[in-house]
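I have placed the structure first, in the form of structure tokens, so that the comments after it can refer back to it.
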There are 2 protein chains.
Amino acid sequence: MPIDIKHQRQYTIANDGKAKYKSIANDGNNRKEEMTVTLKMIADTAGVSIRSVTRALKGETGGNPDTCRKIRELAKELGYVPNAAARNLRMRTSNVVGMISSQDTAQVISRRKMLIQRHLEREGYFPISALLPSSPALLRKILLSWTGLTESIIFSSWPRDWEPDEVLDGLLMNYIFIDNLESRRADKYKLINIDRESGIATAVGHLIDSGRKRIAYCGPEMSTRVNGFFRAFRERGIEPEADAIIDSSHLDLEHGYAAAPALIAGKFDAVFAGTDRLALGIYKYCNDKGVKIPETLAVTGFDNDDTSAYVSPPLSSIAHPEEKISRKVAELIKNIKLPPGESIFPTEFIKRESC
Amino acid sequence: MPIDIKHQRQYTIANDGKAKYKSIANDGNNRKEEMTVTLKMIADTAGVSIRSVTRALKGETGGNPDTCRKIRELAKELGYVPNAAARNLRMRTSNVVGMISSQDTAQVISRRKMLIQRHLEREGYFPISALLPSSPALLRKILLSWTGLTESIIFSSWPRDWEPDEVLDGLLMNYIFIDNLESRRADKYKLINIDRESGIATAVGHLIDSGRKRIAYCGPEMSTRVNGFFRAFRERGIEPEADAIIDSSHLDLEHGYAAAPALIAGKFDAVFAGTDRLALGIYKYCNDKGVKIPETLAVTGFDNDDTSAYVSPPLSSIAHPEEKISRKVAELIKNIKLPPGESIFPTEFIKRESC
DNA sequence: TTGAAAGCGGTACCAA
DNA sequence: TTGGTACCGCTTTCAA
């Protein structure tokens, strides 16, 4: 039976003496006093049960269309806003996904973060993020403050010397670690890792195959990147030059610039740079000294920064599997029951004119 | 009366037939089966009431010390983790603070974000952040997903053409807008704004007072920055040169480089650049052309990027009131009852060798 | 088609 | 010093 809501009394509670809810005061200026509008409040105002209100608001079938319409109007008029916390508590799930990341330094990190967030949004999740705090204890506190609010947490950065077992002990959430945890953790955690070696081996292989004779590696010596460099030679049954490794533990423009003289002095005719920023530092030096790229020196980078395609000559680089990572993240979050394990995605050589 | 917890039966529920909680299976490997440990569960296992459990866990006074200790041990053993969502729901407050920001482009933005987060953490809040979505409707959805989880929201970026009233209508949270909303909104919202004019007037005034005759402004023509530029002259009863405004709506290095020729051709002897990045673009051009800074051209920037103190010569700049902003944010969040209004903080000229 | 009611996990009041 | 219990706001089952 339809209900004429107009004839119902406006809701005014003062339970247990404390008027926690104020009545609606839709004054001349159409301003409403502060209040929390709940389902029960709508139900009481409309003179129906909560069941009818949820049915109307969720557009469930069954239920008198006229009543439903009126309830919807009333809800709108009262300014009903569902309380997500209450819903989460009752449902024991949440579509808020937490992400812990360190401050964005390299562009590729913040791009990955963006992409994951967009992917999750498209799937109906609400990504939130917090900065990685300075200590494991603080991280634990943060995660505690999220219990019941998030059910999945993505770590897009995890300090090498923190023990996940300790930090996460007893905190039952769905954890995903990106590019940070060793394979041996795969029996307990969900890992998404990046295979840097393959892309680098392809890139360096291309340098070899295109006839370059003296090929340098410029970047951190302690890095999986070096493995890719050596693999390219090994696969072809040859060896790199003895002085091929030009160590640069820092990966920024100025360090590339600083490393460049060694390349020129060593008469190298090609270089793999550990990041595009290193490569662009080398570019600048070559530019200053009139060294021609790629004629005299072929250059290839790593990370595939946005700008790399726009420099002159366009810089060859190696792209991270960002799309795949983001998709995998979304999958692991949607199918929360998937067991621990490791997914490794290859990097990809992007050839441009610099080599 | 103390209780010997050891003699209590382990908790095993199967209410309404569905075994929602599994019993503790502390097997030989000390691995526990997945479960949600609640206060009630601890209370039942210990054979006490919930009241006693909370007293023990919160360290309230009163209560048998021995019982309390045992309850605490039991809670630890069971791996009790409080559910923040339930707490928030009951308490009708939360110490999670939301922050909406666009992707960090300028360094100053991400620095401000960091600083605010650190300040809030120190005050016992848990800042989370989400990216500003592409549409007002999506933003509303995000905020809806946060109802009951956060009670304060900081907008560290707000698109000029979005109407806050529409997006936030009916969503009762404590909103704080940083550097983005016009003063006229101050009757309804809490605004923290940055007075760019004062710092710029000081900087340009310094250029004038140090004897520079032809002073240029390089940056967006439609900007409060221009006002500061003109103010410096007005305060001294003089006028800038007719061709002083060199419009550059973009604020990055390459645009500074592109704008520099006009400075040199116009024989300017000083320039205020709208950002440090613009200034560094000008630096590069001057470097390339052998123009001496500050002898031939005095340069001063805006934003006080980290690197500006390290370039040569060190770049004078204008610092944002980041500390004050962060403190004000924390204050507005702690004292949620403070009325709407606007706080304006001045920028500060930092003199270095470039002028 | 609708209403009543039992939770989700904590908090805090009141009575014993 | 302790136990019982009524909430917070929403979902969902069951019965009417």
Side-chain angles (χ1 to χ4, degrees), chain A residues 1-3 11 13-18 20-21 35-44 46-58 60-68 70-71 75 78 80-94 144-145 147-149 151 172, chain B residues 1-3 11 13-18 20-21 35-44 46-58 60-68 70-71 75 78 80-94 144-145 147-149 151 172:
Chain A
M1 180 193 57
I3 294 160
Y11 196 76
I13 305 186
N15 60 347
D16 63 58
K18 297 173 207 154
K20 284 188 181 170
Y21 304 137
M35 58 187 165
T36 305
V37 181
T38 66
L39 285 183
K40 179 160 188 339
M41 196 162 163
I42 298 175
D44 288 358
V48 298
S49 74
I50 292 182
R51 186 69 191 77
S52 302
V53 178
T54 53
R55 191 192 311 102
L57 295 185
K58 291 199 175 170
E60 288 176 18
T61 55
N64 184 298
D66 210 40
T67 312
C68 287
K70 287 193 173 156
I71 290 173
L78 295 182
Y80 171 68
V81 173
N83 181 311
R87 179 178 187 279
N88 294 348
L89 177 60
R90 175 62 230 243
M91 303 279 283
R92 319 185 94 238
T93 81
S94 149
L144 275 172
S145 81
T147 48
L149 317 186
E151 61 177 7
L172 302 173
Chain B
M1 178 193 58
I3 295 159
Y11 196 75
I13 304 187
N15 60 346
D16 63 58
K18 296 173 207 153
K20 284 187 180 171
Y21 304 138
M35 57 187 166
T36 304
V37 181
T38 66
L39 285 182
K40 179 162 189 337
M41 197 162 161
I42 297 175
D44 288 359
V48 299
S49 75
I50 291 183
R51 185 70 191 75
S52 303
V53 177
T54 53
R55 190 190 314 101
L57 295 186
K58 289 199 174 169
E60 289 175 18
T61 56
N64 184 296
D66 211 41
T67 312
C68 286
K70 287 196 172 153
I71 289 174
L78 295 183
Y80 171 69
V81 173
N83 182 312
R87 178 176 187 281
N88 294 348
L89 177 59
R90 178 61 233 243
M91 304 281 283
R92 319 185 96 238
T93 81
S94 149
L144 276 173
S145 81
T147 49
L149 317 186
E151 59 177 9
L172 301 173

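Numbers restart at 1 for each chain; the letters A, B, ... are given by sequence-line order, proteins then strands.
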Return yes if some donor-acceptor pair links the side-chain N/O of A/Thr147 with the main-chain N/O of B/Ala84 below 3.5 Å, else return no. yes
Could you tell me how far apart B/Asp66 (CG) and D/dT2 (P) are, to the nearest whole angstrom? 11 Å
Rounded to whole Å, CG of A/Asn64 lies from P of C/dG3 at a distance of 11 Å
Counterpart residues, salt bridge (charged side-chain N to carboxylate O under 4.0 Å, His left out), relative to B/Arg55 (two or more places apart): none
Residue met sooner reading DNA chain D from 5', once B/Cys68 and B/Leu89 are mapped to nucleotides: B/Cys68
B/Ser52 side chain N/O closer than 4.0 Å to the phosphate oxygens (OP1, OP2) of D/dT1? no
Residues at least two apart in sequence or cross-chain that pass side-chain contact (heavy atoms from CB on, under 4.5 Å) with B/Ala56, listed by chain then number, are B/Cys68, B/Ile71
For B/Leu89, enumerate each residue passing the side-chain contact (heavy atoms from CB on, under 4.5 Å) test, keeping only those at least two apart in sequence or located in another chain. A/Asn83, A/Ala86, A/Leu89
Please list each protein N or O that sits under 3.5 Å from an N or O in nucleotides 10-12 of chain D, with the distance.
| unit_1 | atom_1 | unit_2 | atom_2 | d |
| --- | --- | --- | --- | --- |
| D/dC10 | OP1 | A/Tyr80 | OH | 2.7 |
| D/dC10 | OP1 | A/Asn83 | N | 3.0 |
| D/dC10 | OP2 | A/Leu39 | N | 2.9 |
| D/dT11 | OP1 | A/Arg87 | NE | 3.3 |
| D/dT11 | O2 | A/Arg90 | NH1 | 2.2 |

Report the distance from atom CG of B/Leu149 to atom P of C/dG10, rounded to the nearest whole Å. 16 Å
Only counting residues at least two apart or in another chain, list the ones meeting salt bridge (charged side-chain N to carboxylate O under 4.0 Å, His left out) with B/Arg87. none
Is the phosphate of C/dT1 approached by A/Arg55 (side-chain N or O, under 4.0 Å from OP1 or OP2)? no
Spacing of A/Met41 atom CE relative to D/dC8 atom P, expressed in whole Å: 12 Å
Is the backbone of A/Asn88 close enough, under 3.5 Å, to the side chain of A/Ser94 for a donor and an acceptor to pair up by distance? no
